[in-house]
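Data block below; observations after.
Note on naming: letters A, B, ... go to the chains in the order of the sequence lines (proteins, then strands), and numbering restarts at 1 for each one.
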Amino acid sequence: MTAAVAMPRLCRSAAPDSEHLPFDSMGLVKTLFPLARSLTGDGVRKTLHEIAKHIPLIIEEVPTGTSVLDWHVPKEWNIRTASIRSLSGETLVDFAESNLHVVGYSRPIRAIVSREDLAAHIYTLPEQPDVIPYRTGYYADDWGFCVQDTRWQAMQDDAYLVEIDSDLEPGHLTYGEMLVPGLSDDEILISVHICHPSLANDNLSGVAVATALARNLLATPGRMGVRFLFVPATIGAITWLAQNEATLGRIKHGLVLTCLGDAGRFHYKASRRGAEIDRTAGHVLAQSQVSSTLLPFSPYGYDERQYCSPEFDLPVGCLMRGVHGQFPEYHTSRDDCTFVTATALDESLEVVSKIVSTLQRDVFYERIDGRGEPQLGERGLYRAIAGQKEAGGASQMDLLWFLNLADGRHSLLDMAIRANTSFDRIDAAATLALQAGLVRVRIASRDPQR
Amino acid sequence: MTAAVAMPRLCRSAAPDSEHLPFDSMGLVKTLFPLARSLTGDGVRKTLHEIAKHIPLIIEEVPTGTSVLDWHVPKEWNIRTASIRSLSGETLVDFAESNLHVVGYSRPIRAIVSREDLAAHIYTLPEQPDVIPYRTGYYADDWGFCVQDTRWQAMQDDAYLVEIDSDLEPGHLTYGEMLVPGLSDDEILISVHICHPSLANDNLSGVAVATALARNLLATPGRMGVRFLFVPATIGAITWLAQNEATLGRIKHGLVLTCLGDAGRFHYKASRRGAEIDRTAGHVLAQSQVSSTLLPFSPYGYDERQYCSPEFDLPVGCLMRGVHGQFPEYHTSRDDCTFVTATALDESLEVVSKIVSTLQRDVFYERIDGRGEPQLGERGLYRAIAGQKEAGGASQMDLLWFLNLADGRHSLLDMAIRANTSFDRIDAAATLALQAGLVRVRIASRDPQR
Amino acid sequence: MTAAVAMPRLCRSAAPDSEHLPFDSMGLVKTLFPLARSLTGDGVRKTLHEIAKHIPLIIEEVPTGTSVLDWHVPKEWNIRTASIRSLSGETLVDFAESNLHVVGYSRPIRAIVSREDLAAHIYTLPEQPDVIPYRTGYYADDWGFCVQDTRWQAMQDDAYLVEIDSDLEPGHLTYGEMLVPGLSDDEILISVHICHPSLANDNLSGVAVATALARNLLATPGRMGVRFLFVPATIGAITWLAQNEATLGRIKHGLVLTCLGDAGRFHYKASRRGAEIDRTAGHVLAQSQVSSTLLPFSPYGYDERQYCSPEFDLPVGCLMRGVHGQFPEYHTSRDDCTFVTATALDESLEVVSKIVSTLQRDVFYERIDGRGEPQLGERGLYRAIAGQKEAGGASQMDLLWFLNLADGRHSLLDMAIRANTSFDRIDAAATLALQAGLVRVRIASRDPQR
């Protein structure tokens, strides 16, 4: 955090209430679903406080107007009620029914508006006439409603009473942060966005998987720290980057998590620079039972856009199942708690955990005497695994590959890829060889910062 | 030009007559077609003077015997008339009918020759019995005729009167050169051969396209100079190289142009070294509507053989449509002014112009603040292009790619290739960003000389 | 050889008896077949003395217990007779019939053993019931018999008289070595194993091909020396490496030869490091008439495992036809002198000779004047090869490629690969150019040790 930007820390949740309870990812999605999230405001605050019941989150409040890179922290938006009523008093569209009904950052209004004038403020999806679209107008200084097309077509009165009880005032941008400390200053970054209102997959699935992962890692810290960010998209990531420029060098790997609750195949989008995280995620996905597709970097998507901007160029990729804009539920009221399943969340958690674990364990070994093959029989390693029998999770071939490539220049992942086996099997072989005194750890890791 | 080789400059055409007239490529092909070109002599001279009516050409005359690299400038060959007549006086083969009838560099002869002896000096194409082949014997000190096979088969007299009124005497090798100056000393080389007599595609199409390009560029000079060479093949290129060794470092990119008037697909043959020109030509062709094939370098073909010889190893490729030896009209009387079309010449000019323009504009930009995405909305760039609407020839994605890769290490072409879009769209995005004050030009270009 | 390990050289065969006789590879295989080879002992000794009749072999004897890298030279094993007899005196299994019948390194035994106890010492191949498997137990301190499954199933007595007259005592490990000297200290290593008893392909085919190659090379030494090793597998290679650590830098290329007598396609297994030998072997195989497959390095197989261990990482590949474990005759009594053919051995010798010859001749040339193409006509090289006619084994294109790439940075093999022609054709072009005074040898070779 730079000295120039001082800010209050509203809440550092102490021991979360549920620390010793099993964590229910799907339950968290359901709890958070109705909250009226936006870039800023009490919906975000409530969301973070809910997450903080499960992990010791630091919640940051950054004042409106704070200069962050090329941007300024915007005004804080809060909304209480909103509706379109007939002049006879019938409520036709109600924010209380779905917080998607109001365009994000709508300014307050209370007026009778002709249907013709109202039409310019109504957003529908004619091709999906029964769903409410999701729209925002953060910097538009306007107002609007998102409505099912069928409902809007049925509204044929000459005028309506339109009411939005919101305010857009100087306040704060709120985000959450948590570090699982590691043995070194190196860090893995996990970032999720928290600015979408009632959208389950595009928002809450990432929140739930990240929260579950953080809980698990707190119990099993590793070589590198793992830093979790719960931020409003774009401006939240930009704010965090602005406040942490001096220490960004610590980020050795990173993942943006999003849309991890649907039943589709996994998609991993590479970092801009072509970093170690790309190879690691690719290996873990290829060795998993799950279907997956690797995507090249592109400068459109989630907050990897910010982390991978040219000056920072952090080694951050993005893991998702459904790809933004490519599934019909995307940014509509269909992206609800039935679209996301506990099974999918669990599967996603397993993949993310495996990626983080692989990064943590991917070290370099060196044979103590690499001149020729060691006499495995003398060390009980030949009998143990002859005939391809397994010992400690590794076959004889895994061990031979490990011993052949343990020259201090091949990481365990390098070995697994060259041997066309899994990281876990090579890691198991490494453990056997370490126990037999055949190898030592050479260096902790290749520095992915180049 | 080295001090050792002084030579007269016969002609520096001043303001060409037709400077302000629209240029007719096909017209130039037709005008030049009947001239009796060879390695040297008045046919070449007349050709260059004709070109000089359209562009301010410098015409160089290099004396016979001048030492040029491993070679010497040969004697000058001129031919006035040639024929084979029956002893009864009937003209059976006449140079006046087609200058392909005489083998290039034939020595003079006037004799009655038996059919049997004559046969050793007759070249026909039995598989294409109605066409005249094209043959030369530059260093053979011999004479010969190229004849339609049907005509030769019909000549069954015992003897014929053979006459070639030529001379092979000390004189000069003639070539043309012109530089469109640029803002820097760097140059793009455009080279065409001018030594083939009545062959339209293999010779004159390149001449016409180069002349048209030169005219256009004179009106719009660029970052680099563009140097045009009109040279007899092999010995002409070797002579120019010998005279300009000290300044070859200026050549940053180059193209040999040939066979650009037929209706076939484009072929681009890569430089020996794998230079920037190869990537540029490949990109332009891939983004064009035209069909094209990329060929690897090989040491056989046109003057790229000389430019790409090991010590020079200049970054020069070769652009053609029909490939030498691979179309039936090649080196025959069928390669005439009906084989070449104005449409094909225009299309070729467009491709070559696009390649040169891309090279000229392929600079490096750098974000003034590359930390995060800039706030496009504030600068009128977000509204302009949201929803993939176009602004200034670029979409939102083009602009995002440009802003993401503008780090001073990616040229515009690097960006276009990575973004899988066209150079022009990325260049348009660059203009938008430059106008918005978001970027500056970092360095003029990567030096392709390595 | 390190000073610490002094050892007697038992035999340096002087002028071999058969020096001037034609060499019969298949005859050598047949002569060596019945000898009872193992890691150590008189079978190995007799084998080496037999080889020494054909080439001037140095035979090394290394005492039991000598420390070699991570290992110690084992005790020497010798066996005279072995049998299983019925209590009525009928001989059922007899070492004299096949030396595969006894598990290698079996300790002596003479006892009446119940069928039940005997069963734990019997090895059969139920899926190939009529063949004797090959098994060893070098470090097992046990005994055993390998028997046809049908024979074992027919043995249903309650007990048998088992006798193995062997001894396992301090002695020596024996191996053979020979250097064909070259013009420089650089060496090519050819290594074969000699520790398998009556197995023809997996053992003797390599021995025969290496012996034939050595004979041929003695008559035609080259730029580099060629060092031949005839060693027991694993411990023999380890012993040689231990004794020659100081001079391993001389090994610029190497090949392990094995299973070269069957009729199958060739397999070349790459070195660990990706060395020049891999490219050379791949080129020779691709340009040959024979079928072949390239295999990646793996740390399982023959002595390339030792040469390619991490600290040494020598540029050594492995050439074979049948791949260990992948042909049904492998490690059974079916791998006999009918499985190996003279034709296959001759073909293999030709391939190996071509690889060695290509390595020896793969030098760098440099054009004396690389500025432009030389005037070939003046040097009699244009007429000679115009129209793709051949001169000295090279076409015009071969010569043009050679002259274009002779810049001191492309070896002949680099040129052949880029020109998509054979090494021999490019080498022939080089000879033409050298005779014409157009090129000189730049440097002897690229150092493959990096």
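Interface residue R371(B): backbone and side-chain heavy atoms are both found under 4.5 Å from chain A. Only the side chain of I238(A) comes within contact range of chain B, judged by heavy atoms closer than 4.5 Å. Proximity to chain B involves both the backbone and the side chain of S298(A), based on heavy atoms less than 4.5 angstrom apart.
Note: Y300(A) OH to Q396(B) CD = 5.5 Å, rounded to the nearest 0.5 Å. Note: T234(A) OG1 to Q375(B) CD = 10.5 Å, rounded to the nearest 0.5 Å.
For the pair R418(B)/F297(A), a side-chain contact is recorded, criterion being any heavy-atom separation below 4.5 Å from C-beta on. Proximity of R272(A) to L405(B): side-chain heavy atoms (C-beta onward) are separated by under 4.5 Å at one or more points.
R37(A) meets the side-chain hydrogen bond (donor to acceptor under 3.5 Å, both in side chains) test with T47(A); sequence neighbours excluded.
Between P374(B) and W71(A) the shortest heavy-atom distance is O-CZ2, 3.6 Å. The shortest non-hydrogen separation linking G372(B) to S309(A) is N-OG, 2.7 Å. Heavy-atom minimum distance, D313(A) versus R409(B): OD2-NH2, 4.2 Å.
Around the CD atom of E127(A), the shell of radius 6.0 Å holds more than 12 heavy atoms that belong to other residues, nucleotides or ligands. In the displayed structure, E350(B) atom CD is contacted under 6.0 Å by at most 12 heavy atoms of other residues, nucleotides or ligands.
Highest contact tally toward chain A, considering only D407(B), L400(B), N404(B), is held by N404(B) [criterion: heavy-atom pairs under 4.5 Å].
Between R379(B) and D70(A) there is a salt bridge, since a side-chain N of the basic residue sits under 4.0 Å from a carboxylate O of the acidic one.
When atom types are taken as modelled, the side chain of Q306(A) and the backbone of E373(B) share a donor-acceptor pair closer than 3.5 angstrom.
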